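Take a look at the structure below.
No experiment lies behind these values; they were computed from the predicted model shown. All values below were derived from every heavy atom in this structure, side-chain atoms included, with hydrogens, water molecules and symmetry-related copies excluded.
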Amino acid sequence: MEKTELVELLTPAGLTLLDSIDVDALASDPVSTVARLREAGHAPALVQAVLTQARLRRKAVTKFGDFASRMLFTEAGLEQATRLRVAAVHAGRFQAAGIRSVADLGCGNGGDAMALAALDLDVTAVDSDEVTAVVASYNLAPFPSARAEHGDAAAFDVDAVDAVFFDPARRTAGHQNTSRLTKPSDYSPSLDLVFDVASRLPTGVKLGPGFDRELIPAEAEAQWVSVDGQVVEMGLWFGSLARAGVRRAALVLSAAGSDELVSDADSADVDVRELGEFVYEPDGAVIRARLIGQLATQVGAGMVSDGIAYLTGDEAVQTPFASVFRVLERWPLDEKRIKRELKERGVGTVEIKKRGVDVDPAAFRKRLAPKGRGSATLILTRVAGRHTALLVERVTSDSR
């Protein structure tokens with residue numbers, strides 16, 4: 001969203017028009033919606049601004065739920081925004097540590113600041129982009145203890161607050177069509193500044209889940225977070241925001257609730273064992289946190305092969321930290337053999353999972369040319385060092 005669009009939108013008429021848009025109707029029949037707005041005499045610039053926001057609000061429901069219908073967004077800000085459920089977890093740390101005032105530096109559209117303010121913390125949200133800062137200010141308007149500023153996060157006086165939350169920009173500047181920055185040295189504010197502040201004040205830092213582990217300071221608690229099976233971030237926590245004795249954590253959020261594995265260090269992998277009746281696929285947060293060994297001990301499983309993030313055991317132990325599969329067949333990773341076996345079983349729909357093998361699942365599935373009414377799941381991996389295909393079925397608490 002450009003500044004001119006924002007000016008058009010932030011008027012009583014613009015906001016009223018935005019709230020009148022049925023986002024589902026817009027998605028199913030955008031032409032009719034545009035025609036109706038034009039026929040009503042609304043200026044083209046206002047129509048463009050309103051439709052852009054309506055589309056972003058619909059997209060934002062996955063991150064913000066019902067709150068999305070009362071918020072504004074930039075496209076880039078929404079792409080990088082913390083899910084509200086995760087932001088609430090962040091905010092809970094500050095509250096538990098007795099923090100009263102927080103600077104949210106690199107606030108984006110204001111999701112984390114909203115969660116902090118909802119707990120009555122005094123929040124100053126800062127973003128270097130003017131349009132984004134205005135959007136954050138609008139989103140924070142319902143919270144008396146929060147305010148947004150346009151400014152340089154690196155120049156903010158952190159001595160004026162009890163704690164800091166950093167969300168360094170990890171994409172190129174702009175409001176849309178941005179690209180991911182691959183080098184931490186290019187983040188804004190820089191990690192040197194972030195870690196310097198963290199050495200003096202309680203500090204939280206939101207980073208991508210693939211952040212280079214070699215750059216994690218030894219004194220930080222590193223927590224990887226997954227939501228409904230997708231790893232969404234790694235958070236670094238310093239000072240009173242870090243938990244005593246915890247240096248690695250995997251937080252798994254799902255419809256079933258919140259579960260966490262914690263450790264004072266990476267856990268060593270357990271030994272490789274013979275393929276059992278069941279295979280475990282650890283949640284991505286567990287893998288990123290390198291707590292596979294700890295999970296294996298909990299469920300009584302071993303590794304299927306050195307360096308492969310699958311576990312195997314003789315019992316199906318339900319855990320929030322892994323999906324469990326029953327092994328039905330074991331074949332060599334031979335495309336012709338697999339194709340023949342699936343054809344004999346009338347399999348037309350194939351889910352393919354893989355680790356440790358050089359296979360493109362989409363291309364492999366296409367070459368299998370599955371036909372039939374049946375469905376199946378294949379795990380392509382190494383078992384005791386050998387390339388192997390496993391025909392499996394998912395195990396749930398009702399199917400054991």
Side-chain angles (χ1 to χ4, degrees), residues 1-11 14-15 18 45-46 48-64 67-84 86-87 90-91 102-118 123-143 145-158 161 164-181 186-190 193-194 204-208 232-233:
M1 179 169 55
E2 300 304 321
K3 187 175 181 180
T4 54
E5 291 183 4
L6 184 61
V7 170
E8 290 284 348
L9 187 63
L10 289 179
T11 62
L15 293 172
L18 173 59
L46 178 58
Q48 176 64 33
V50 165
L51 293 182
T52 296
Q53 278 305 307
R55 292 188 183 100
L56 290 174
R57 280 182 169 181
R58 187 173 192 271
K59 186 178 179 181
V61 169
T62 58
K63 289 189 173 184
F64 292 94
F67 286 94
S69 65
R70 307 303 300 174
M71 296 174 66
L72 297 181
F73 304 94
T74 65
E75 185 174 320
L78 178 56
E79 179 72 22
Q80 299 172 73
T82 305
R83 288 162 172 77
L84 200 56
V86 179
H90 294 167
V102 183
D104 180 0
L105 303 182
C107 68
N109 294 165
D112 276 292
M114 288 170 58
L116 290 163
V123 184
T124 303
V126 180
D127 201 277
S128 61
D129 180 77
E130 183 179 7
V131 169
T132 302
V134 172
V135 167
S137 183
Y138 176 89
N139 293 335
L140 291 171
F143 302 95
S145 66
R147 58 197 171 279
E149 300 177 357
H150 171 221
D152 181 2
F156 184 84
D157 180 13
V158 295
V161 294
V164 181
F165 183 76
F166 283 103
D167 187 356
R170 299 181 299 281
R171 302 186 73 88
T172 53
H175 308 134
Q176 58 185 355
N177 299 324
T178 59
S179 57
R180 191 175 301 279
L181 297 171
D186 293 332
Y187 293 174
S188 179
S190 71
L193 181 146
V194 169
V205 188
K206 175 187 171 183
L207 296 165
V232 297
E233 69 169 55

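- In terms of heavy-atom proximity, G106 sits nearest to D127 at C-OD2, 3.8 Å.
- Here the closest heavy-atom approach between residue P168 and residue V194 is recorded as CG-CG2, 4.3 Å.
- Counting heavy atoms from C-beta outward, V135 and L6 have side chains that approach closer than 4.5 Å.
- Among all heavy-atom pairs drawn from G111 and F64, the shortest one is CA-CE2, 3.9 Å.
- N109 contributes atom CG, which lies 9.0 Å from atom CD of Q80 (distance to the nearest 0.5 angstrom).
- One distance of note links CG of L78 with OG1 of T62; it measures 7.0 Å at 0.5 Å rounding.
- Side chain of K206 to backbone of F165: no donor-acceptor contact under 3.5 angstrom is found.
- Using a 4.5 Å cut-off on side-chain heavy atoms (C-beta onward), R57 and L18 make contact.
- Looking only at distances, no side-chain donor or acceptor of S137 sits under 3.5 Å from a matching main-chain atom of A133.
- Using a distance-only test at 3.5 Å, with no hydrogens or angles considered, no donor-acceptor pair links the side chain of R147 to the main chain of T124.
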Tell me, with the steps shown, if L15 and T11 meet side-chain contact (heavy atoms from CB on, under 4.5 Å). CA-CA 6 Å; L15 293 172; T11 62; over 6 Å; no

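- Counting only distance, with no hydrogens or angles, the side chain of H150 and the backbone of S128 share a donor-acceptor pair below 3.5 Å.
- Between C107 and D112, every side-chain heavy-atom pair lies at or beyond the 4.5 Å cut-off.
- Counting non-hydrogen atoms of neighbouring residues, nucleotides and ligands closer than 6.0 angstrom, the CZ atom of F67 reaches no more than 12 such neighbours.
- Across G14 and L46, no two heavy atoms sit closer than the pair CA-CD1, 3.8 Å.
- Counting heavy atoms from C-beta on, the side chains of E233 and H90 come closer than 4.5 Å.
- Between T132 and G108, the closest heavy-atom pair is CG2-O, 3.3 Å.
- With hydrogens and angles disregarded, no donor-acceptor distance shorter than 3.5 Å links the side chain of N139 to the backbone of M71.
- Without hydrogens or angle criteria, K63 side chain to A81 main chain gives a donor-acceptor distance under 3.5 Å.
- Scanning both residues, L116 and A91, for their nearest heavy atoms gives CD2-CA, 3.7 Å.
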Kindly indicate, with the supporting measurements, whether the criterion side-chain contact (heavy atoms from CB on, under 4.5 Å) is fulfilled by D104 and V126. CA-CA 6 Å; D104 180 0; V126 180; over 6 Å; no

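- For the pair L10/V134, a side-chain contact is recorded, criterion being any heavy-atom separation below 4.5 Å from C-beta on.
- Taking the six-membered ring for Trp and the full ring otherwise, the centers of Y187 and F166 sit at least 6.0 Å from each other.
- Here CG of L56 is found 8.0 Å from OG1 of T74. Values are rounded to the nearest 0.5 Å.
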Step by step, work out the side-chain contact (heavy atoms from CB on, under 4.5 Å) result for E79 and K59. CA-CA 10 Å; E79 179 72 22; K59 186 178 179 181; 4.2 Å; yes

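- A heavy-atom distance below 4.5 Å is not found between the side chains of L105 and P189.
- In this structure a side-chain-to-backbone donor-acceptor pair under 3.5 Å is present from Q53 to F73.
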Walk me through it: do F143 and V123 pass the test side-chain contact (heavy atoms from CB on, under 4.5 Å)? CA-CA 9 Å; F143 302 95; V123 184; over 6 Å; no

